[in-house]
**Q** 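Structure incoming, see below.
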Amino acid sequence: EAFTIIRTLLRDGSIDFHGTYYEAAECVLHPRSPREGGPLLMVGSVGDRMLDITLPHVDSWNMWWSQYGNSVEGFAAVKERVDGLIVAAGRSIAEVEATAAVYFRLPGGVRRQMGDYDTDLPTDPVEGSVADFADHLRGLADAGCAHVQIVVDPITRDTIEWLADVLTEFRRPPT
C-alpha cells in the first residue's frame, strides 16, 4: 500500500487511497517533478517478494555487490533470474534496467565496513591494475549492467582521482 501511494504521487501527482494499512485521502504532491511522468523509480532489492511488488512499476533494479559475489558471472546469474521475473510481471526486459554496486579495493584498503554480507557467495573485492578494473566494468556492461555504483576502499581523494584513469581506460575503444 505504501509503495502504491508513493509511486502514484511521484508519477501522477495525486492519489485518493484508502487501504487496509494506509490512507492518503485527496493527497497531492507539490511541487511536481519537472520530468513528465515523474522521476524514474529504482528498487534496491533482488528478493522475490519485493521484486514481485515493484517490477510491474519500476524503471530499474539494483543489487549490492555481496548479493552477486562481486563477479561478472554472479551478476549475470542474478540478472537472468530477475529478467525472468520481469517477463513474468508482463514487462519487457528492455523496460527495466539492471544496475549494481561493485566493490573495488585499492592499495591501503582494509575492508568495507558497510553493506550486507548475507550470502554464502564469496565477496572478494576487485583488485589489480587500471586495466583489470576497466575489464571488470566492461564485463558487467557486457552482462547487461546499465549502471554501476563503485564502492571504493579506501575512499580518499587519491583513490577517487585514481578511478578517473579506470574510467578513461573503460571508455577507450578496443584496439
**Q** Compare all side-chain heavy atoms of Trp61 with those of Thr99 and state whether any distance is below 4.5 angstrom.
**A** no
**Q** With a 4.5 Å limit on heavy-atom distance, are the side chains of Leu55 and Val96 in contact?
**A** yes
**Q** Drop me the distance from Leu167's CG to Leu137's CG, to the nearest 0.5 angstrom.
**A**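 The distance works out to 7.0 Å.
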**Q** Can you tell me which residue pairs pass the side chain to side chain donor-acceptor pair (under 3.5 Å) test with a partner in residues 87-97, sequence neighbours excluded?
**A**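 For residues 87-97: none.
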**Q** Please examine the side chains of Trp64 and Val151, heavy atoms only from C-beta on, and report whether any two atoms are closer than 4.5 Å.
**A**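 Contact flag for Val151/Trp64 side chains = yes.
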**Q** Tell me, yes or no, whether the heavy-atom count around Glu80 atom CD, taken from other residues, nucleotides or ligands under 6.0 Å, exceeds 12.
**A**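 Not more than 12 within 6.0 Å, no.
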**Q** Is a donor on one side and an acceptor on the other found under 3.5 Å between the side chain of Thr159 and the backbone of Pro154?
**A** yes
**Q** Do Ile155 and Trp65 share a hydrophobic cluster (ILVMFWY, side-chain heavy atoms under 4.5 Å, transitive)?
**A**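 In one cluster: yes.
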**Q** If a pair satisfies side chain to side chain donor-acceptor pair (under 3.5 Å) and one of its residues is in residues 30-47, list it, with sequence neighbours excluded.
**A** none
**Q** Please list, chain by chain and in numerical order, all residues satisfying side chain to side chain contact (heavy atoms under 4.5 Å, CB included) with Ala25, sequence neighbours excluded.
**A**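 Side chain to side chain contact (heavy atoms under 4.5 Å, CB included) list for Ala25, sorted by chain: Asp16, His18.
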**Q** So how far is it from Leu140 CG to Asp135 CG, rounded to the nearest 0.5 Å?
**A** 11.0 Å
**Q** First locate atom CE of Met50, then atom OG1 of Thr54, and finally report the distance between them rounded to the nearest 0.5 Å.
**A**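 The CE atom of Met50 sits 7.0 Å away from the OG1 atom of Thr54.
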**Q** Going by an N to O cut-off under 4.0 Å, is there a salt bridge joining Asp132 and Arg105?
**A**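 No.
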**Q** Run the side chain to side chain contact (heavy atoms under 4.5 Å, CB included) test against Arg49 and tell me which residues pass, sequence neighbours left out.
**A**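 Ile53.
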**Q** Please check this pair: side chain of Asp83 against backbone of Ile93, looking for a donor-acceptor N/O pair closer than 3.5 Å.
**A**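 Not a single qualifying donor-acceptor pair exists.
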**Q** Scan for ring-ring contact (aromatic ring centres under 6.0 Å, His included) pairs involving residues 127-174, sequence neighbours excluded, and state none if there are none.
**A**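 Sorted result for residues 127-174: Phe104-Phe133, Phe133-Trp162.
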**Q** Would you say the side chain of Arg81 lies within less than 4.5 Å of the side chain of Asp48, judging by non-hydrogen atoms?
**A**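 Contact flag for Asp48/Arg81 side chains = yes.
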**Q** Do Glu169 and Arg138 make a side-chain contact, defined as non-hydrogen atoms from C-beta onward lying under 4.5 Å apart?
**A** yes
**Q** Rounded to the nearest 0.5 Å, what's the gap from CD1 on Ile15 to OG1 on Thr8? Could you check?
**A** 4.0 Å
**Q** Looking at side-chain heavy atoms only, is the closest gap between His57 and Thr4 below 4.5 Å?
**A** no
**Q** What I'd like to find out is whether the side chain of Leu9 reaches to under 4.5 Å of the side chain of Cys27, using heavy atoms alone.
**A** yes
**Q** How long is the straight-line distance from CZ of Arg11 back to CG of Leu40, given to the nearest 0.5 Å?
**A** 7.0 Å
**Q** Glu23 and Phe17: side-chain contact (heavy atoms from CB on, under 4.5 Å), yes or no, with the steps?
**A** CA-CA 5 Å; Glu23 287 202 20; Phe17 183 89; 5.9 Å; no
**Q** Report the C-alpha distance between Glu161 and Asp158 in whole Å, list the side-chain angles of each, state the deciding distance to 0.1 Å, and finish with yes or no for side-chain contact (heavy atoms from CB on, under 4.5 Å).
**A** CA-CA 5 Å; Glu161 289 174 357; Asp158 290 341; 4.2 Å; yes
**Q** Okay, side chain of Asp59, backbone of Leu41: is any donor-acceptor separation there less than 3.5 Å?
**A** yes
**Q** Which pair of heavy atoms, one from Ala98 and one from Phe75, lies closest together, and at what distance?
**A**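 Smallest heavy-atom distance, with atoms named: CB-CZ, 3.9 Å.
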**Q** Could you walk me through whether Tyr68 and Val102 pass side-chain contact (heavy atoms from CB on, under 4.5 Å), step by step?
**A** CA-CA 10 Å; Tyr68 68 95; Val102 60; 3.7 Å; yes
**Q** Among Val152, Asp124, Asn70, find the one that has a side-chain contact (heavy atoms from CB on, under 4.5 Å) with Tyr103.
**A**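 So, applying the side-chain contact (heavy atoms from CB on, under 4.5 Å) to Tyr103 and each of Val152, Asp124, Asn70, only Asn70 qualifies.
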**Q** Could you tell me the separation between the CG atom of Leu106 and the CD1 atom of Ile160, rounded to the nearest 0.5 Å?
**A** 10.0 Å
**Q** Please give the remaining members of the hydrophobic cluster of Met42, linking ILVMFWY side chains under 4.5 Å, ordered by chain and number.
**A** none
